Amino acid sequence: MPLCDDVDDLEHYVADLFATFEANRALAEAAVVSPWTQRSLTRTRTGHLAAMVTLLRRGYPDAADDDVTAAAAALRTVVSGAGWGRQRQSCGLSAEGAVANAR
């Protein structure tokens with residue numbers, strides 16, 4: 001799912017992304033941990049981080065580069081398949097709780 005175009009849409013993006021993971025839970029959980037997906041995930045994770053940096057720079061043009069980079073890294077950690085899976089499995093959050101936590 002492509003990242004939203006505006007920082008104000010991040011809340012809706014999170015809800016839509018996590019709903020997609022929920023609808024495909026077995027596949028999403030397997031994809032995060034399966035050895036056969038790791039090469040692809042490495043490429044997509046790099047691209048998703050770059051997209052988040054771009055989104056935040058566009059939304060907060062006066063923010064320091066270090067702050068944007070740190071915020072993008074933190075957001076990508078939570079707003080991801082791995083983040084969703086850890087919140088649901090390891091932390092025991094409900095689907096709604098995972099979305100609320102990521103927002």
Side-chain angles (χ1 to χ4, degrees):
M1 170 178 293
L3 185 61
C4 56
D5 293 326
D6 190 297
V7 293
D8 292 332
D9 295 330
L10 273 172
E11 284 190 50
H12 299 291
Y13 171 77
V14 169
D16 291 345
L17 181 66
F18 282 19
T20 300
F21 293 148
E22 288 293 333
N24 301 283
R25 187 171 181 164
L27 178 61
E29 289 172 346
V32 171
V33 298
S34 296
W36 54 270
T37 63
Q38 296 313 299
R39 182 177 289 169
S40 175
L41 287 176
T42 298
R43 283 192 307 271
T44 60
R45 286 175 178 152
T46 301
H48 290 161
L49 178 59
M52 185 66 76
V53 167
T54 299
L55 176 70
L56 293 178
R57 282 202 176 119
R58 192 169 48 241
Y60 302 99
D62 296 329
D65 285 343
D66 288 348
D67 292 340
V68 170
T69 301
L75 284 167
R76 283 298 307 142
T77 300
V78 176
V79 182
S80 66
W84 164 83
R86 283 184 179 67
Q87 292 180 79
R88 294 287 279 127
Q89 296 168 1
S90 301
C91 300
L93 294 178
S94 66
E96 296 80 13
V99 170
N101 189 51
R103 286 182 171 165

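These figures come from a predicted structure and were not determined experimentally.
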Side chain to side chain, V79 and H48, heavy atoms closer than 4.5 Å: no
Distance (rounded to the nearest 0.5 Å) between T20 OG1 and M1 CE: 3.5 Å
Side-chain heavy atoms of R88 within contact of F21, under 4.5 Å: no
Heavy-atom check, side chain of D6 versus side chain of H12, under 4.5 Å: no
Minimum heavy-atom distance A102-V14, with the two atoms named: CB-CG1, 3.6 Å
Nearest heavy-atom neighbours spanning T77 and S80: O-OG, 3.2 Å
Gap separating the CG atom of L56 from the CG atom of L10, nearest 0.5 angstrom: 7.0 Å
Smallest separation among heavy atoms of V68 and A63, with atom names: CG2-CB, 3.7 Å
Closest heavy-atom pair and its distance - D65, R57: OD1-NE, 3.5 Å
Hydrophobic cluster membership, L75 vs Y60, 4.5 Å side-chain cutoff: yes
Donor-acceptor under 3.5 Å (E22 side chain, F18 main chain): no
Pairwise side-chain contact, E29 with W84, heavy-atom cut-off 4.5 Å (strictly under): yes
Minimum-distance pair of heavy atoms, taken over all atoms of A72 and V53: CB-CG2, 3.5 Å
Those residues that, when tested against R58, pass salt bridge (Lys or Arg N to Asp or Glu O under 4.0 Å) (two or more places apart): none
L3 side chain reached by T54 side chain, heavy atoms, under 4.5 Å: no
Closest approach of Q87 to N101 (non-hydrogen atoms, all atoms of both residues): OE1-ND2, 2.7 Å
